[in-house]
Protein chains: 2
Amino acid sequence: MIDILDRVRNKALQAKIVTAEEAAAFFKPDMNVAMSGFTASAYPKAVPLALAERMKKEPFAINLWTGASTGPELDDALASVHGIKQRLPYQTDKALRNEINDGSVDYLDLHLSESAQLSRCGYLGHVDVAVVEACAITEEGNIIPTTSLGNAASYVQSADVVIVEVNTSQPLDLEGMHDVYIPMDPPNRLPIPIVKANDRVGTTYIPCTPEKIKYIVPCDIPDHTRPLKPIDEDSKKMSEFTLEFLNKEIEAGRMPKNLLPLQSGVGNVANAVIAGFVDSDLKDLTVYTEVIQDGMLDLIDAGKLNFASGTAFSPSPEGMARFYKDVAKYKKYLLLRPEEISNSPEVVHRLGVIAMNTAIEVDIYGNVNSTHITGTKMMNGIGGSGDFARNAYLTIFYTPSIAKEGKISAVVPFCSHIDHTEHDVDIIITEQGIADLRGKAPRERALEIINNCAHPDYRPILLDYFNRATEATKHAHTPHILEEALSFHERFVKTGSMAK
Amino acid sequence: MIDILDRVRNKALQAKIVTAEEAAAFFKPDMNVAMSGFTASAYPKAVPLALAERMKKEPFAINLWTGASTGPELDDALASVHGIKQRLPYQTDKALRNEINDGSVDYLDLHLSESAQLSRCGYLGHVDVAVVEACAITEEGNIIPTTSLGNAASYVQSADVVIVEVNTSQPLDLEGMHDVYIPMDPPNRLPIPIVKANDRVGTTYIPCTPEKIKYIVPCDIPDHTRPLKPIDEDSKKMSEFTLEFLNKEIEAGRMPKNLLPLQSGVGNVANAVIAGFVDSDLKDLTVYTEVIQDGMLDLIDAGKLNFASGTAFSPSPEGMARFYKDVAKYKKYLLLRPEEISNSPEVVHRLGVIAMNTAIEVDIYGNVNSTHITGTKMMNGIGGSGDFARNAYLTIFYTPSIAKEGKISAVVPFCSHIDHTEHDVDIIITEQGIADLRGKAPRERALEIINNCAHPDYRPILLDYFNRATEATKHAHTPHILEEALSFHERFVKTGSMAK
């Protein structure tokens, strides 16, 4: 208990230290429970595990609001005991996904930048309790966050009461790595005064008062971050196309030599693209993104990164170990902000971010599906992709041209669900090549996408569709044959393959 | 010629006054020609009419960039002689629409807020010449705009040369009604310092130098604005639902008593909704919108409007006459900004705008089609609807529940084209009622939309589709039967009616 007492710097607050089981007794059915966490970083662990244990004996469900996805001690633990009734704004958990797709969980798939405002403005009801992971609590009751900020600050502000899970596995060196700015809501909102990725505009802690803190729960479970997968050939090709394209933009005078701030999604392709930057001649790069992963540490070590701003620090276990070894060094380059700031349409547009995100599928006119399998089953959610894609200076979407050994084409006549419209997509990159949609009308885009991005096995049937649709509609603005628009998906559902 | 000389205040520039025919001789095939104009307001008239005459004898085509739609002396005149090769960012002209849908015009249907940046950043090539309507030219060569700003200021900045059409039918009293602010591009962009609808942050003129002006052309053709249609019963009902809903939001404490700044689209429903505000108990309203129409004058006369900011002043001929009678009075309440400011995601989000726009169709999950007829033919374009819908505090879409005497249902299983995704739509209003999608998962939204917004004639087949889709997908997140998702549209194309 020595370490936890050191971390609860307000002596009076030490009386509120309880076990996870005691804190778990606080929850009631249908409560709106808002938790910290963004990716498998900085989510509460002890309290949800204890809550799941309680729910096993005494079944009930809560509404669970977080920053984004979380680790298994939260989403998986609660979903496995059917303890979640409503979930927002994003998730990636298998058990939870199954419940979303069997009708037992109501999932609100929201733009991440909007989720804090939605929780404040009352559209979704009231935040009954906020549960946040902390490094420490200051004399004043302020909360020092850990490896992500997400919506934690806004949830603490809105909640009736706060339960703080003080995680002794998180190093106190994290203090100072955060910049907490909560905008006022309209009609009193002011400009967010960020003009560079490294601008500090807030506090290093989540403002809170001792009175608002109901319980403090010690926890020593580390973030359950995911190991890095090796970079596959397809991702490597997409990375090469990206660098080639961006260098051409620099040559043409359309980009500064150190580019504009980069945003990159999470996963294999994103890792490969960042690895490509590490090996490139580019330097003085800046990053204004959501999730900071291993690649950013590589960029720092290679002397290529000026600064990276995000809302979550979520490297692999190896990356985390590397970071912990020299926090003082890496901290100079990294900053975590609330997700309504990291993903802010205002700031993303002002800085002129280059947005690089992955798609599940794209259609021949440049619409993008980021969320649904065959139009019906939720995969993860839109996350921050729309925040960046809609407001970026340049919007790139990535997908391998095929999946499931060629049974699925990622280029289809008509997306089975649309999360990003043709108006918002500049560039599509697959391992086959790059489609530059800028300045092209839909019929021109179709040829660009089919010829450059579709897999050769699917090119003939896509071209055939486009040509027949063009003929049938007498060269309409967006040629389609309605009966066949979703035929690739229909065929996949019926035969297990989109191929004819 | 006395009036035109008075309006060209720089004596040396008077030597550049030429006829429209002389100016029209300047254009060459494939030039990128950027013109002023937003709705049928402040577009050049004499020069395009003379250019169309020239094209009749000597066929060639240009790329035409404007603020948005324009009047018949521009779009119709040039489209009628096949003088347009590429068109952006928006249009509403019948002849042009036909050419877009027969493959002879490449139409770039862009978010209006992004069109100026796109013209500056070089993705679309260079602005060869800007043609702008003016009230007058100052000693310094600066251009005093007329009834809209649109992209005129940015086009003048980017163009090699400028042709100014000085319109002597536009009163000089318009001077002072504009606020011209052109943001710097990334990485040097700063916050747009607007925190209230009436904040002035720029100049009252479009900055220009005498050297940049190639020709000055006198013109006395007035804006070809459209007469107001009487408010129909359906629109009146939608207006009533809007007021009822907003009053409930005020009662619930989710809106200030004078609401948040209003944005309203163009057309019948928008007129009816604004008329509803005129007759309501609401006061101290503010407007942060794109197009200012007659309703705003009514709100001023009723003492209910504190201020209206837009990019175009486009009332009916009667409204224009009313405005001209007392410009000094109305000017106190009205301001025109460049469209990248009137529609700025940053400012729209900051002010917390209530966005009210019309849809062509909505689907049962809340996706919206604003542009395409049966998924293939372009109607007008997305215009500014995405700028507002994506960034507003509250996003409302309107559509009558049926069209063509019931042969078309505006509520469909799956939109045949998607311009606004389920993530961006809060409220749908038809003459049948209001669907509140906030905080609802897709399956809940479907029942809300079908039961409250669909026409009773279509409710049974929509419910049947939803129920069978739910069954077939075992309660997936977004139930669909792929083979039937577009069946309403297929039936309409085949039989002339969506009804079974």
Side-chain angles (χ1 to χ4, degrees), chain A residues 100-103 106-111 121-124 185-187 189-191 193 195 252 254 256 260 345-346 349-352 367 372 374-378 382 386 390-391 393 416-419 421 423 438-439 441 443-444 473-480 482-483 485-486 489-490 493, chain B residues 100-103 106-111 121-124 185-187 189-191 193 195 252 254 256 260 345-346 349-352 367 372 374-378 382 386 390-391 393 416-419 421 423 438-439 441 443-444 473-480 482-483 485-486 489-490 493:
Chain A
I100 289 167
N101 287 316
D102 72 11
D106 287 328
Y107 178 47
L108 308 187
D109 177 25
L110 305 175
H111 293 299
C121 76
Y123 291 174
L124 310 175
D185 286 317
R189 187 172 287 157
L190 297 172
V195 297
R254 288 192 291 257
L260 288 164
E346 169 177 344
H349 188 255
R350 180 181 304 143
L351 300 184
N367 299 287
H372 282 67
T374 59
T376 58
K377 291 208 171 184
M378 171 54 62
I382 191 168
R390 176 68 179 83
N391 297 292
Y393 199 71
S416 62
H417 189 270
I418 291 174
D419 298 288
T421 75
H423 312 279
R438 298 173 300 172
R443 290 180 306 264
E444 299 172 287
T473 61
K474 295 176 184 153
H475 301 252
H477 184 62
T478 305
H480 270 304
L482 294 172
E483 293 82 353
L486 294 169
H489 306 87
E490 291 170 35
V493 171
Chain B
I100 288 168
N101 287 316
D102 72 11
D106 287 328
Y107 177 47
L108 307 187
D109 176 25
L110 305 174
H111 294 298
C121 75
Y123 291 175
L124 309 174
D185 286 318
R189 186 173 288 156
L190 297 173
V195 297
R254 288 192 291 257
L260 287 164
E346 170 178 342
H349 188 255
R350 181 181 305 143
L351 300 184
N367 299 286
H372 282 67
T374 60
T376 58
K377 291 208 170 184
M378 172 54 63
I382 191 168
R390 176 67 178 84
N391 298 292
Y393 200 73
S416 63
H417 189 272
I418 291 174
D419 297 289
T421 75
H423 312 280
R438 297 173 301 172
R443 288 180 307 264
E444 299 172 288
T473 61
K474 294 174 186 154
H475 300 254
H477 184 63
T478 306
H480 270 305
L482 295 172
E483 294 81 353
L486 295 169
H489 306 88
E490 291 170 35
V493 171

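None of the values given here were measured: they were computed from a predicted structure. So that the names make sense, note that chain A is the first sequence line, chain B the second, and so on, each numbered from 1. Basis for what follows: all heavy atoms, side chains included, without hydrogens, waters or symmetry-related copies.
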Engaged part of [X] at the chain B interface, taking heavy atoms whose separation is under 4.5 Å:
{"X": "A/N391", "result": "side chain"}
{"X": "A/L190", "result": "both"}
{"X": "A/R390", "result": "both"}
{"X": "A/L260", "result": "side chain"}

Give me the atom names and distance for the closest heavy-atom approach of [X] to [Y].
{"X": "A/P186", "Y": "B/H349", "answer": "CG-O, 4.2 Å"}
{"X": "A/Y123", "Y": "B/Y393", "answer": "OH-O, 3.2 Å"}
{"X": "B/V493", "Y": "A/L482", "answer": "CG2-CD1, 4.0 Å"}
{"X": "A/P479", "Y": "B/T376", "answer": "C-CG2, 4.4 Å"}

Taking [options] one by one, which has the highest count of heavy-atom pairs under 4.5 Å against chain B?
{"options": "A/H480, A/R189, A/R254", "value": "A/R189"}
{"options": "A/L110, A/I382, A/N367, A/V195", "value": "A/I382"}
{"options": "A/P256, A/G439, A/P345", "value": "A/G439"}
{"options": "A/M378, A/E346, A/H489", "value": "A/E346"}

Approximate separation, where rounding is to 0.5 Å, of [X] [atom1] and [Y] [atom2]:
{"X": "B/R443", "Y": "A/Y107", "atom1": "CZ", "atom2": "OH", "value": "13.0 Å"}
{"X": "B/I418", "Y": "A/H417", "atom1": "CD1", "atom2": "NE2", "value": "7.0 Å"}
{"X": "B/N101", "Y": "A/K474", "atom1": "CG", "atom2": "NZ", "value": "12.0 Å"}

Side chains of [X] and [Y]: does their closest heavy-atom pair fall under 4.5 Å?
{"X": "B/P193", "Y": "A/P191", "value": "no"}
{"X": "A/K377", "Y": "B/H477", "value": "no"}
{"X": "A/T421", "Y": "B/T421", "value": "yes"}
{"X": "B/H372", "Y": "A/T478", "value": "yes"}

Does any heavy atom of chain A fall under 4.5 Å from the side chain of B/P187, the backbone, both, or neither of them?
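Contact with chain A involves both backbone and side-chain atoms of B/P187.
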Examine whether an atom of B/L108 lies under 4.5 Å from a heavy atom of chain A, and if so say whether it belongs to the side chain, the backbone or both; otherwise answer neither.
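Side chain only.
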If you tally heavy-atom pairs under 4.5 Å against chain A, which of [options] wins?
{"options": "B/H475, B/R350, B/R438", "answer": "B/R350"}
{"options": "B/H111, B/E444, B/E483", "answer": "B/H111"}
{"options": "B/C121, B/A476, B/A252, B/G375", "answer": "B/A476"}
{"options": "B/L351, B/D109, B/L124", "answer": "B/D109"}

Can a donor-acceptor pair be found between the side chains of A/H423 and B/D419 at a distance below 3.5 Å?
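Yes, a side-chain donor-acceptor pair sits under 3.5 Å.
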